[in-house]
Novice: 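Here it is, the structure in full.
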Amino acid sequence: MKFQTGKATETPRRFLVSALLAAFIMLVPGRGLAVKRAPAGPAIIPKPLRMEVGSGLFHVGQETKIIIDSDSLEAREVGEYLAVRLRRSTGYPFETGLASGKIPSGSILLRTAAALAKMGNEGYRLTSSKGGVKIEAVAPAGLFYGVQTLLQLLPEEVEGGTQPADSGWSIPFVRIEDEPRFVWRGAHLDVGRHFFPKEFIKKYIDLLAMYKMNMFHWHLTEDQGWRIEIKKYPRLTEIGAWRRETMDDATPHGGFYTQEDIREVVAYAKTRFISVVPEIELPGHCQAALAAYPELSCSGGPFKVGTEWGIIYDVYCAGNDRTFEFLQDVLAEVIDLFPGEYIHIGGDEVPKLRWQNCAKCQERIRAEGLKDEDELQSDFIKRIERFLSNQGKRLVGWDEILEGGLAPNATVMSWRGVVGGIEAAKSGHDVVMTPTSHCYFDYYQGLFDEPRAIGGFLPLDKVYSFEPVPTELSEAEARHVLGAQANIWTEYIEDSEQAEYMLLPRILALSEVAWSKKDLRNFPDFSRRIIPHFDRLAAK
């Protein structure tokens with residue numbers, strides 16, 4: 001959790017009107033208000049590396065087929081994904097098949113091509129001409145991103161259920177070569193403060209995929225709720241998933257995801273080339289777990305699941321071997337559910353008061369030759385990092401894990417500005433840049449008629465201005481910056497509608513920050529290209 005105080009006011013739910021006004025109207029020096037004009041050509045977001053637009057049109061109609069020229073099962077799944085999307089919106093058959101002999105004219109061809117290896121696994125080439133559409137990539141991920149670009153070339157009705165005219169739809173003749181700048185293009189969602197149903201998690205993932213994001217950071221445990229089923233410790237969800245009220249509202253709240261739910265979401269994300277990064281908070285933000293298993297604390301409890309926002313003093317006991325046995329058991333089940341490379345362990349906002357007054361923690365400090373409680377936290381994180389490393393996983397934590405010494409193979413998420421990221425990169429550690437200043441989407445994005453938020457002001461143009469690589473880093477150090485991530489903390493985000501509003505349209509801006517080359521980014525140009533996407537998102 002990142003708890004930042006700020007004024008939060010109740011407002012009417014005219015979210016979409018505010019967003020449209022903000023997107024369509026701009027101040028022009030010397031001329032007052034002016035309506036932004038949509039671009040004449042393709043409005044692709046994020047902006048491709050290279051794009052040439054021809055003078056003709058390719059028609060997508062009843063007879064269009066999707067051909068896959070690849071031995072890869074994943075590539076065939078990309079072809080079927082495209083077919084399903086197009087069938088749903090057009091009613092046309094869009095037959096799919098493997099390439100054999102001459103490709104029928106007017107087809108959409110997906111081809112894996114080793115010759116494009118220099119573009120990386122996520123790069124692609126898309127060409128459309130009178131003869132058809134061809135998407136080529138060295139790997140299925142690149143084909144998938146090429147498909148996302150193709151969908152943006154089609155009319156916005158492709159996102160809904162609107163049937164095209166008898167003549168079908170048209171896209172311009174183009175040649176696009178594209179590849180991402182960063183390998184980590186992420187978005188986070190806190191489901192600990194407020195629980196969101198599995199169906200919305202899938203919708204969230206679809207929105208990320210639409211704009212070529214590839215990491216979904218799922219914040220699953222908090223003081224106010226434990227949201228993931230752990231078979232060995234059933235009280236985590238029997239007790240820890242439910243709180244009696246929220247900020248004195250006298251209304252119970254809760255929910256959790258079964259392991260079957262988790263597997264379903266992870267599989268769904270995989271077909272969209274999104275890796276799900278689970279976060280299991282430790283050694284702080286664990287009140288819900290302590291309510292279920294108070295013996296893991298320094299005092300022994302009893303505890304209740306948190307009902308108020310803020311930082312809670314009770315944390316896992318760092319001097320109790322049982323704590324580490326419990327966490328390793330939990331993480332073992334988490335590892336079984338999440339096949340991705342990374343496991344996020346939080347590590348942020350850990351009050352040291354309980355450790356200072358705990359005989360077991362003080363004995364751990366003496367036994368390990370540690371200097372203070374900061375080094376005790378570092379020792380705690382290092383123990384967990386060794387366990388994860390032995391399981392073939394990489395630990396990620398918020399930048400507080402730098403305090404007292406960084407675990408050897410840890411990746412740092414820099415949220416308190418970029419200073420922690422700079423320090424980590426200079427010491428040879430990988431970094432994901434996600435500072436509050438540009439990446440906290442629980443902040444207000446407009447000046448009036450906004451839904452209640454935690455505070456702060458983060459409009460679209462500021463998100464777009466973010467540069468993930470600080471000038472303080474050398475070229476070699478800069479290679480440790482994996483990318484950027486948006487975070488949505490949900491203290492004041494109570495339902496899916498509001499979460500979606502906070503994500504949009506800012507995620508479009510961050511997608512371009514994380515995908516497009518720095519010298520291609522231009523906010524006035526982006527402001528014009530974003531206009532058709534409001535219709536596209538409304539149709540979706």
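Scope of the values below: all heavy atoms of this structure, side chains included, with no hydrogens, waters or symmetry mates.
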Novice: Parallel, tilted or perpendicular, judged at 30° and 60°: which one describes the rings of His344 and Trp398?
Specialist: tilted
Novice: Working note: Glu450 + Tyr501, criterion side chain to side chain donor-acceptor pair (under 3.5 Å); need CA distance, chi angles, decisive distance, verdict.
Specialist: CA-CA 10 Å; Glu450 285 285 287; Tyr501 172 76; 2.4 Å; yes
Novice: Are Asn487 and Thr434 close enough that a side-chain donor and a side-chain acceptor fall under 3.5 Å?
Specialist: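 Yes, side-chain donor-acceptor contact under 3.5 Å.
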Novice: Is the shortest distance from a Lys or Arg side-chain nitrogen in Lys198 or Glu264 to a carboxylate oxygen in the other one below 4.0 Å?
Specialist: yes
Novice: From Ile262 CD1 over to Glu229 CD, what is the distance, rounded to the nearest 0.5 angstrom?
Specialist: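 Rounded to the nearest 0.5 Å, the CD1-CD separation comes to 9.0 Å.
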Novice: Who pairs with Glu373 by salt bridge (charged side-chain N to carboxylate O under 4.0 Å, His left out), at least two apart in sequence or on another chain?
Specialist: none
Novice: Can you find a heavy atom in the side chain of Trp218 that is under 4.5 Å from one in the side chain of Ile228?
Specialist: no
Novice: Quick one: do the Arg394 and Tyr342 side chains pair a donor with an acceptor below 3.5 Å?
Specialist: yes
Novice: Minimum heavy-atom separation for Tyr443 to Arg506, with atom names?
Specialist: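 That closest heavy-atom pairing would be O-NH1, 2.9 Å.
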Novice: By the definition side chain to side chain donor-acceptor pair (under 3.5 Å), identify the one residue from Gln259, Gln391, Arg263 that meets it with Asp336.
Specialist: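 For Asp336, the side chain to side chain donor-acceptor pair (under 3.5 Å) check succeeds only for Arg263.
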Novice: Taking the six-membered ring for Trp, are His219 and His188 parallel (under 30°), tilted (30 to 60°) or perpendicular (over 60°)?
Specialist: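 Plane angle between 30° and 60°, so tilted.
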Novice: Taking the side chain as everything from C-beta on, heavy atoms only, tell me whether Ile44 gets closer than 4.5 Å to Asp178.
Specialist: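 Heavy-atom side-chain distance check fails, nothing below 4.5 Å.
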Novice: Look at the rings of Phe326 and Tyr233 and say which category their plane angle falls in: under 30° parallel, 30 to 60° tilted, over 60° perpendicular.
Specialist: perpendicular
Novice: When you check the gap from the basic side-chain N to the acidic O, do Glu295 and Lys360 get nearer than 4.0 Å?
Specialist: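 No.
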Novice: What do the steps show when you test Leu49 against Leu520 for side-chain contact (heavy atoms from CB on, under 4.5 Å), and what is the final call?
Specialist: CA-CA 8 Å; Leu49 182 62; Leu520 291 178; 4.2 Å; yes
Novice: Could Asp206 and Lys202 be called an ion pair, given the rule that one side-chain N must be under 4.0 Å from one carboxylate O?
Specialist: no
Novice: Under 6.0 Å from the ring centre and within 45 degrees of the ring axis: does the NZ or CZ of Arg235 meet both conditions for the six-membered ring of Tyr293?
Specialist: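 Cation-pi check for Arg235 and Tyr293: passes.
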Novice: Do Tyr124 and Val147 make a side-chain contact, defined as non-hydrogen atoms from C-beta onward lying under 4.5 Å apart?
Specialist: no
Novice: Quick test of your reading of the model: are Glu368 and Arg383 salt-bridged, counting only N-O distances below 4.0 Å?
Specialist: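 Salt bridge: yes.
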Novice: When you check the gap from the basic side-chain N to the acidic O, do Glu77 and Lys270 get nearer than 4.0 Å?
Specialist: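 The answer is no: the pair does not qualify as a salt bridge.
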Novice: Any idea how Trp309 and Tyr492 line up, ring-wise: parallel (<30°), tilted (30 to 60°), or perpendicular (>60°)?
Specialist: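 Rings of Trp309 and Tyr492: perpendicular, as their planes differ by over 60°.
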Novice: Just so I know, are the side chains of Leu508 and Phe526 near enough to count as touching, which here means a heavy-atom distance under 4.5 Å?
Specialist: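 A side-chain contact exists here, since the closest heavy-atom pair is under 4.5 Å.
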Novice: Once the angle between the rings of Trp242 and Phe256 is folded into 0 to 90°, is it parallel (under 30°), tilted (30 to 60°) or perpendicular (over 60°)?
Specialist: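 Aromatic pair Trp242/Phe256 classed perpendicular.
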Novice: With under 30° as parallel and over 60° as perpendicular, where do the rings of Trp515 and Tyr145 fit, or are they tilted in between?
Specialist: perpendicular
Novice: Kindly write out the residues that satisfy salt bridge (charged side-chain N to carboxylate O under 4.0 Å, His left out) with Glu375, not counting sequence neighbours, or none if the list is empty.
Specialist: none
Novice: Is Lys426 paired with Glu477 through a side-chain N to carboxylate O contact shorter than 4.0 Å?
Specialist: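 Yes, Glu477 and Lys426 are salt-bridged.
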Novice: Should Glu403 and Arg416 count as an ion pair when the cut-off is N to O under 4.0 Å?
Specialist: yes
Novice: Do the side chains of Glu279 and Arg227 get close enough for a salt bridge, i.e. N-O under 4.0 angstrom?
Specialist: no
